[in-house]
Protein chains: 2
Amino acid sequence: MRGVTGGTTQLRVDAQHNRDRIVASARETFAAVGLDVSMTEIARRAGVGVATLYRRFPTKESLVTEVFADQLTNCAAVVHDALDDPDPWRAFCRVVGELCEMQSRDRGFSAAFLSRFPNALPVDEERARAEEAFARLVLRAKESGRLRPDFTPEDLNLVLMANNGLVADSVEATVAASRRLVAYFLQAFQAGDPLPPPVPLGLADALG
Amino acid sequence: MRGVTGGTTQLRVDAQHNRDRIVASARETFAAVGLDVSMTEIARRAGVGVATLYRRFPTKESLVTEVFADQLTNCAAVVHDALDDPDPWRAFCRVVGELCEMQSRDRGFSAAFLSRFPNALPVDEERARAEEAFARLVLRAKESGRLRPDFTPEDLNLVLMANNGLVADSVEATVAASRRLVAYFLQAFQAGDPLPPPVPLGLADALG
DNA sequence: GCTCAAGTGGAGGGAGCCTTCCGCTTGTCG
DNA sequence: CGACAAGCGGAAGGCTCCCTCCACTTGAGC
């Protein structure tokens, strides 16, 4: 009997090697092109046959899930790290800016994050904790007086969906556009007197 | 010989009828679902065969062009009408708000406007005139002191692309989200002291 | 070194898409 | 009314995609 890790049977070393190459290839390709890449293409880039790919990931959705699970973890880390910042407004700004930049650098992640595949991210618990942390961040920023009182944590979805709409020819151009967008948003989020309409949504899933 | 209108041979009356139904059906369907509708589906909803559709519109792109040409005209009208408003800031706000609402109400139009089909809108001249009018509007709003000096007319693309990213379950929910987004944008566009980074782009075409 | 389950690659099935082809129908004009 | 070009519907071609099947290979444990 082979070794066991976390309850899952250990793969043969060559199989593990192939699996790693698949994930790496998929990550790169999704980031560069988006989720509209054929499984055949991913397999080709990884130097394996499609059957090998499907043996590890029985569906395309499961591959997407695997590939972006840890990137979601990175997102959560950004939020949690920001909680250590003594300046609540700066922490808030950093979270918004860094999340948008991550999103802009990775087209596939944008799509996955906004759940083009509805159940693609079963890391719901982690996501929920991150959202809770962000809500705490929002509260502190409001108490500091820099963040407008009618900002709601759900507005982060608004920001991310809006940011997801930005696409330019190159990644750098996209990131530059994203920076300007974020700068405008942060302007608006600072305590200004007039008020935008209240929270309307119920936003569910988006794609692009 | 049949009558001639604008250099194009007149269609037979039944053919014209079918053509009208095709365009109407395509408009509705694109608006509701987006551009990812099969030609077969459009033909079915119009009550004609695919061949009839292809006789009028030899390619899907040509159909998209036809369907959205006049909606682009509507956009241009919004901008030109705003020039009559004596209050430059209000005119500016109206243009931004109305364009975003039109975009949010019509998913297909969003996609077509941001030129998923690169040459889909050969109405370039009209578009250019509208952009010029908007630039004039921006200038006036700046002179009135309400619009921040570092706003550039290209920022309208930023707004529209961002707005295009918003998708909710229902049209009304999407429009509501769009309203909040626009309110935030208009906050930011008012003369605030800190400055976002300068114009970076170079944005070319977007899809979602 | 032998055995065999685990692993592999490539062909191909089934579905959906855009587009074309072709034999039949119908409005239009003399 | 009669002739015929214009118009018509639906089948089918060609393409891509996700996914499955199956005969062959290879690493792991004795």
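All chains are named by letter (A, B, ...) in the order of the sequence lines, taking the proteins before the strands, and each is independently numbered beginning at 1. Source: prediction; values computed, not measured.
- Contact annotation for A:Ala15: backbone-only contact, meaning every heavy-atom pair under 4.0 Å involves sugar-phosphate atoms and none involves a base.
- The side chain of B:Ser38 places no N or O atom within less than 4.0 Å of a non-bridging phosphate oxygen (OP1 or OP2) of C:dG16.
- Residue A:Arg56 is classed as a sugar-phosphate contact, given heavy-atom separations below 4.0 Å to backbone atoms only.
- For B:Glu131 and B:Arg136, the salt-bridge test fails: no basic side-chain N is under 4.0 Å from an acidic carboxylate O.
- As a whole-Å value, the separation of B:Arg21 CZ from D:dG7 P is 17 Å.
- If you take CZ of B:Arg44 and P of C:dC18, they are 14 Å apart, rounded to a whole angstrom.
- Straight-line distance from the CG atom of B:Leu11 to the P atom of C:dT26: 18 Å, rounded to whole Å.
- Under the ring-ring contact (aromatic ring centres under 6.0 Å, His included) criterion, the residue pairs touching residues 25-44 of chain A are A:Phe30-A:Phe68, with sequence neighbours excluded.
- Separating the CZ atom of B:Arg55 from the P atom of C:dG23 is a distance of 15 Å, rounded to the nearest angstrom.
- B:Asp14 is linked by a salt bridge (Lys or Arg N to Asp or Glu O under 4.0 Å) to B:Arg12, counting only residues two or more places apart in sequence or in another chain.
- Taking 4.0 Å as the cut-off between side-chain N and carboxylate O, B:Arg180 and A:Glu154 do not count as a salt-bridged pair.
- A donor-acceptor contact under 3.5 Å links the side chain of A:Arg12 to the base of C:dA6.
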Practice item. Evaluate the side chain to side chain contact (heavy atoms under 4.5 Å, CB included) criterion for residues A:Met39 and A:Leu63: first the C-alpha distance (whole Å), next the side-chain angles of each, then the deciding distance (0.1 Å), finally the verdict. Key: CA-CA 10 Å; A:Met39 294 293 264; A:Leu63 176 62; 4.1 Å; yes
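- Spacing between atom CD1 of A:Ile22 and atom C1' of C:dG7 amounts to 11 Å, rounded to whole angstrom units.
- Residue-level contact check: A:Val50 touches the bases, meaning some heavy atom is under 4.0 Å from a base atom.
- When each of C:dG9, D:dG9, D:dC19 is scored by its nearest atom to the side-chain atoms of A:Val48, the top-ranked nucleotide is C:dG9.
- Two residues, B:Gly47 and A:Pro58, neighbour DNA chain D, and the one matched to the more 5' nucleotide by heavy-atom proximity is B:Gly47.
- For B:Asn18, no side-chain nitrogen or oxygen approaches OP1 or OP2 of D:dG7 to under 4.0 Å.
- The distance from atom CE of A:Met39 to atom P of D:dT20 is 10 Å, rounded to the nearest whole Å.
- In this structure, NE2 of A:His17 is placed 15 Å from P of C:dG7, rounded to the nearest angstrom.
- Note on B:Thr40: every side-chain N or O is 4.0 Å or more away from OP1 and OP2 of C:dG16.
- Looking at which nucleotide of DNA chain C each of B:Tyr54 and B:Asp14 is closest to, the 5′-most match is held by B:Tyr54.
- B:Leu53 places its CG atom 17 Å from the P atom of C:dC21, with the value rounded to the nearest Å.
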